Undergrad: 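Quick one: the structure is below, questions incoming.
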Amino acid sequence: MGVVNVTPDSFSDGGRYYARDAAIAHARRLAEEGADIVDIGGESTRPGAAPVSEEEELERILPVLEALGDLCISVDTRRPAVMAAALDAGASMINDVQALQASGAIEALRESQCAVCLMHMKGEPATMQRDPHYDDVVREVKAFLQERVAAAEAAGIARERIVVDPGFGFGKTAAHNLTLLGRLAELGELGAPLLAGLSRKSTIGKLTGRPADARLAGSLAMALIAVQRGATILRVHDVKETRDVIAVWEALIGT
Ligand code: 9MG
């Protein structure tokens with residue numbers, strides 16, 4: 001899954017794809033590099049990001065989505081109205097960092113056949129990194145995801161449509177993220193495909209001392225570890241390089 005942020009203030013690319021044509025060209029480049037899914041987002045969820053209205057979010061993503069009808073597009077949104085509009089415009093997947101907890105979110109998806117990513121986040125984006133605490137981060141994230149899968153299924157979203165994600169960096173310290181990565185296989189017990197988004201995140205910055213635009217090597221290491229522990233979808237900025245790493249690993253496990 002390649003990332004396209006149609007935002008002026010994303011942590012990872014600093015707004016380079018905010019303009020419609022730049023976002024479309026970037027999505028096409030990621031698909032050519034081997035992304036099976038392109039994840040388009042119009043709201044930055046990094047702490048401190050400026051709030052965006054529903055209208056603005058729609059204005060950012062819909063023109064991009066409409067120009068990419070031939071690709072498998074995921075839309076990263078927390079808003080039911082944006083989910084519904086994105087599905088009308090041809091999105092195949094909704095990536096919700098709030099795991100369909102917003103009122104009306106489940107209903108927005110129920111009648112469609114789209115896939116949905118249910119992600120764990122502790123707290124709200126603006127404040128989630130203020131001293132997050134867990135007794136056992138893996139157990140708590142797993143219990144949350146289990147509950148959200150059950151809620152989605154009970155509301156009529158078939159299990160085959162659901163992907164789960166521990167939400168690296170969303171209300172988690174670097175130590176929490178490393179524990180989750182190390183024990184990622186335990187989340188495989190939920191029986192849903194596992195998505196991991198570690199690309200360029202601050203834990204890599206903490207481990208390597210590098211800024212977001214110099215975290216490629218760290219991101220590739222994280223991606224490989226995630227796949228080895230059961231992730232089947234990687235949300236990444238650097239598709240070509242990630243593909244190469246996974247191809248080398250797959251050649252080895254195929255021997
Ligand atoms: C939107 N977004 C930013 N980081 C993410 C992650 O790790 N997972 C998912 N599903 N979405 C993310």
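All values derive from a computational prediction rather than experimental measurement. Counting starts at 1 for both ligands and their atoms, in listed order.
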Undergrad: Which pairs pass side-chain hydrogen bond (donor to acceptor under 3.5 Å, both in side chains) with one or both residues in residues 210-228, sequence neighbours excluded?
TA: none
Undergrad: Are the charged groups of R78 and E43 less than 4.0 angstrom apart, N to O?
TA: yes
Undergrad: What's in the same ILVMFWY side-chain cluster as F170, cut-off under 4.5 Å, chained through other members?
TA: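 Via sub-4.5 Å side-chain contacts, F170 links to V97, M119, M121, M128.
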Undergrad: Sort out the contact shell of ligand 1: every protein residue with a heavy-atom distance below 4.0 Å, listed by chain and number.
TA: D76, N95, V97, C117, M119, D165, F170, L195, G197, K201, R235
Undergrad: Taking side-chain hydrogen bond (donor to acceptor under 3.5 Å, both in side chains) as the test, write out the residues that go with R79, two or more places apart.
TA: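 If we apply the side-chain hydrogen bond (donor to acceptor under 3.5 Å, both in side chains) test to R79, skipping adjacent residues, the hits are E57.
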Undergrad: Checking side-chain polar atoms at under 3.5 Å, does H120 have a donor or acceptor matched by the opposite partner on K172?
TA: yes
Undergrad: Quick one about H176 and T179 (side-chain donor to acceptor, distance below 3.5 Å, no hydrogens or angles considered), yes or no?
TA: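 No donor-acceptor contact under 3.5 Å links the two side chains.
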